[in-house]
Amino acid sequence: MKKATSLSELGIADDMAKVFFHPIQAAEAPSPTKRRTKISVIGVGNVGMAIAQTILTQDLVDELALVDAKEDKLRGEMLDLQHAAAFLPRTRIVADTDYAVTAGSDLCIITAGARQIPGESRLDLLQRNLTLFKIIVPPLAKHSPEALLMVVSNPVDVLTYIAWKLSGFPPNRVIGSGTNLDSSRFRFLLADHLQVNAQDVQAYMVGEHGDSSVALWSSISVGGVPVLGSLERQQIAYEEGVLERIRKAVVQSAYEVIQLKGYTSWAIGYSVANLARSLLRDQRRIHPVSLLAKGFYGIDDEKEVFLSLPAQLGRGGVLGVASVHLTEEEASRLRHSADTLWDIQKKLGI
């Protein structure tokens, strides 16, 4: 039996608030142009709830909607957040298994996804996720046709492509969380070694999220000072192998967290909230996110692949791709990732 969660359901009159407040004479209704900001999070697992919690504590929305197929867990997570109302900025928190609860969203964040079964091929996993996304994406697009769509589920690049195809949205309104978190890990390692604040380190990981991501060493700077150029000017020797080991350490850091605690959650929560802030508040900041990459850095126009590139984000989604210089080797690795993803996507049949 469903338990009551509001005082009106317990028999308290809806107009009771009038007892506590005197109306303002000749008051006008709120301007219709001043609308509430709404984010919907699809999937209330560890990642989805870390994102929801971070969004709430950073006061990014007026309304937060949660959707999941597991009704009891969904309701439990909603109540747990609602019970913290006295400690949070005022936010309406709703939840339902019905996607109608997401209506009018400004941003829809998909964290739900099928997990890989031991021995299962990557293509079989993608086919199961394609089936799942056919359930998730069309109703999101139906109920919030003007929304921005962000995919966090892995493999994020291919799933962002799938979400784009299923939604019918223009490509600027569909992004994946991509290598935004990878780049944060990269900046942390460099900042920790150089003993500076990570916010003063400009460093990007681009390409496919995962083992084949590309570190843009040629454009790394600390406090505006190019790193490799400074080493060369001061005749400090470094080997390409050292750079590659650092890149692999960035990639492996996620696996280390998973090995130690079983999953990653907090870092991706902060990463996605960071992206949500740039999007909904029109910050126009540069983030490496998964976007439609055809035509950039020599990627063929017919290859509709999503890869992470440094992009300017704002209320309209992806506003542009930063003209970051890539060496030929970096560009070649990026194109190789595009070729690999395109070969996989062609087998999906969408």
Side-chain angles (χ1 to χ4, degrees), residues 36-68 77-78 80-82 84-85 87-95 102 105-113 140 144 147-154 156 159-160 163 173-188 197-199 201 204-205 209 253-254 257 261 263-291 308 310-319:
R36 294 163 62 84
T37 303
K38 180 175 180 178
I39 291 179
S40 291
V41 176
I42 315 305
V44 296
N46 295 316
V47 171
M49 291 313 298
I51 291 170
Q53 189 268 349
T54 311
I55 285 171
L56 287 173
T57 56
Q58 293 191 8
D59 195 14
L60 295 180
V61 289
D62 300 298
E63 182 172 351
L64 176 67
L66 305 175
V67 178
D68 198 280
E77 295 289 7
M78 177 192 72
D80 209 5
L81 291 178
Q82 288 178 337
F87 317 116
L88 292 169
R90 186 173 185 271
T91 304
R92 182 170 184 255
I93 303 170
V94 295
T102 67
S105 294
D106 297 283
L107 173 64
C108 296
I109 302 171
I110 302 175
T111 71
L140 289 178
S144 301
L148 301 172
L149 191 59
M150 186 193 306
V151 177
V152 182
S153 316
N154 280 316
V156 67
L159 292 183
T160 305
R173 289 204 280 125
V174 182
I175 67 170
S177 54
T179 58
N180 194 55
L181 178 53
D182 306 67
S183 298
S184 176
R185 291 171 175 143
F186 193 20
R187 293 167 67 185
F188 163 73
N197 192 306
Q199 294 185 4
V201 178
Y204 295 120
M205 301 283 285
H209 170 63
S253 62
V257 174
K261 62 177 276 190
Y263 55 89
T264 62
S265 58
W266 296 118
I268 187 63
Y270 281 105
S271 174
V272 172
N274 183 245
L275 295 174
R277 180 184 296 275
S278 289
L279 290 165
L280 298 183
R281 296 193 175 170
D282 202 32
Q283 294 291 294
R284 298 179 179 249
R285 291 188 58 195
I286 309 299
H287 298 271
V289 293
S290 190
L291 51 82
S308 286
Q312 185 185 47
L313 302 184
R315 193 61 188 80
V318 178
L319 306 181

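Everything quoted here is computed from the prediction, not taken from an experiment.
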Are [X] and [Y] close enough that a side-chain donor and a side-chain acceptor fall under 3.5 Å?
{"X": "Ser308", "Y": "His209", "answer": "no"}
{"X": "Ser40", "Y": "Ser105", "answer": "yes"}
{"X": "Thr37", "Y": "Asp106", "answer": "no"}

Side chains of [X] and [Y]: closer than 4.5 Å at any heavy-atom pair?
{"X": "Met49", "Y": "Leu81", "answer": "yes"}
{"X": "Asp68", "Y": "Glu77", "answer": "no"}
{"X": "Val47", "Y": "Tyr263", "answer": "no"}
{"X": "Arg90", "Y": "Asp62", "answer": "no"}
{"X": "Arg315", "Y": "Leu279", "answer": "no"}
{"X": "Leu66", "Y": "Val94", "answer": "no"}
{"X": "Leu149", "Y": "Ile109", "answer": "no"}
{"X": "Leu313", "Y": "Leu319", "answer": "no"}

Could you go through Val41 and Val67, starting from their C-alpha distance and side-chain angles, then the distance that decides it, and tell me whether this counts as side-chain contact (heavy atoms from CB on, under 4.5 Å)? CA-CA 6 Å; Val41 176; Val67 178; over 6 Å; no
Under the side-chain contact (heavy atoms from CB on, under 4.5 Å) test, which residues partner Ser184, sequence neighbours left out?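 So Ser184 forms a side-chain contact (heavy atoms from CB on, under 4.5 Å) with Leu181.
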Check step by step if side-chain contact (heavy atoms from CB on, under 4.5 Å) holds for His287 and Asn274. CA-CA 9 Å; His287 298 271; Asn274 183 245; 2.8 Å; yes
Using salt bridge (charged side-chain N to carboxylate O under 4.0 Å, His left out) as the criterion, list what pairs up with [X], not counting sequence neighbours.
{"X": "Arg281", "value": "none"}
{"X": "Asp80", "value": "none"}
{"X": "Arg284", "value": "Asp282"}

Crowded around Arg92 CZ? As in, over 12 foreign heavy atoms under 6.0 Å? no
Could you state the interatomic distance from [atom1] ([X]) to [atom2] ([Y]), rounded to the nearest 0.5 Å?
{"X": "Asp182", "Y": "Arg187", "atom1": "CG", "atom2": "CZ", "value": "13.0 Å"}
{"X": "Leu64", "Y": "Gln82", "atom1": "CG", "atom2": "CD", "value": "10.0 Å"}
{"X": "Cys108", "Y": "Arg173", "atom1": "SG", "atom2": "CZ", "value": "10.5 Å"}
{"X": "Ser153", "Y": "Ile110", "atom1": "OG", "atom2": "CD1", "value": "6.5 Å"}
{"X": "Leu148", "Y": "Leu280", "atom1": "CG", "atom2": "CG", "value": "6.5 Å"}
{"X": "Ser278", "Y": "Arg285", "atom1": "OG", "atom2": "CZ", "value": "5.0 Å"}

Go through the steps for Asn46 and Thr264 under the test side-chain contact (heavy atoms from CB on, under 4.5 Å), then give the verdict. CA-CA 8 Å; Asn46 295 316; Thr264 62; over 6 Å; no
Determine whether a donor-acceptor pair (N or O, by modelled atom type, separation under 3.5 Å) exists between the side chain of Thr91 and the backbone of Glu63.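 No, the answer is negative, given that no donor and acceptor are paired below the 3.5 Å cut-off.
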Minimum-distance pair of heavy atoms, taken over all atoms of [X] and [Y]:
{"X": "Gly176", "Y": "Thr160", "answer": "CA-OG1, 3.4 Å"}
{"X": "Gly43", "Y": "Thr111", "answer": "O-OG1, 3.0 Å"}
{"X": "Ala254", "Y": "Arg185", "answer": "CB-NH1, 3.4 Å"}

CA sep, side-chain torsions, deciding dist, call: Val61, Lys38, side-chain contact (heavy atoms from CB on, under 4.5 Å): CA-CA 6 Å; Val61 289; Lys38 180 175 180 178; over 6 Å; no
With a 3.5 Å cut-off and sequence neighbours excluded, list the donor-acceptor pairs that the side chains of residues 50-60 form with protein atoms.
residue, atom, partner, partner atom, Å
Thr54, OG1, Ala50, O, 2.6
Thr57, OG1, Gln53, O, 3.2
Thr57, OG1, Thr54, O, 3.1
Gln58, OE1, Arg277, NH2, 3.4

Phe186: which residues meet the ring pair (Phe, Tyr, Trp, His ring centres under 6.0 Å) condition with it, sequence neighbours left out? Trp217
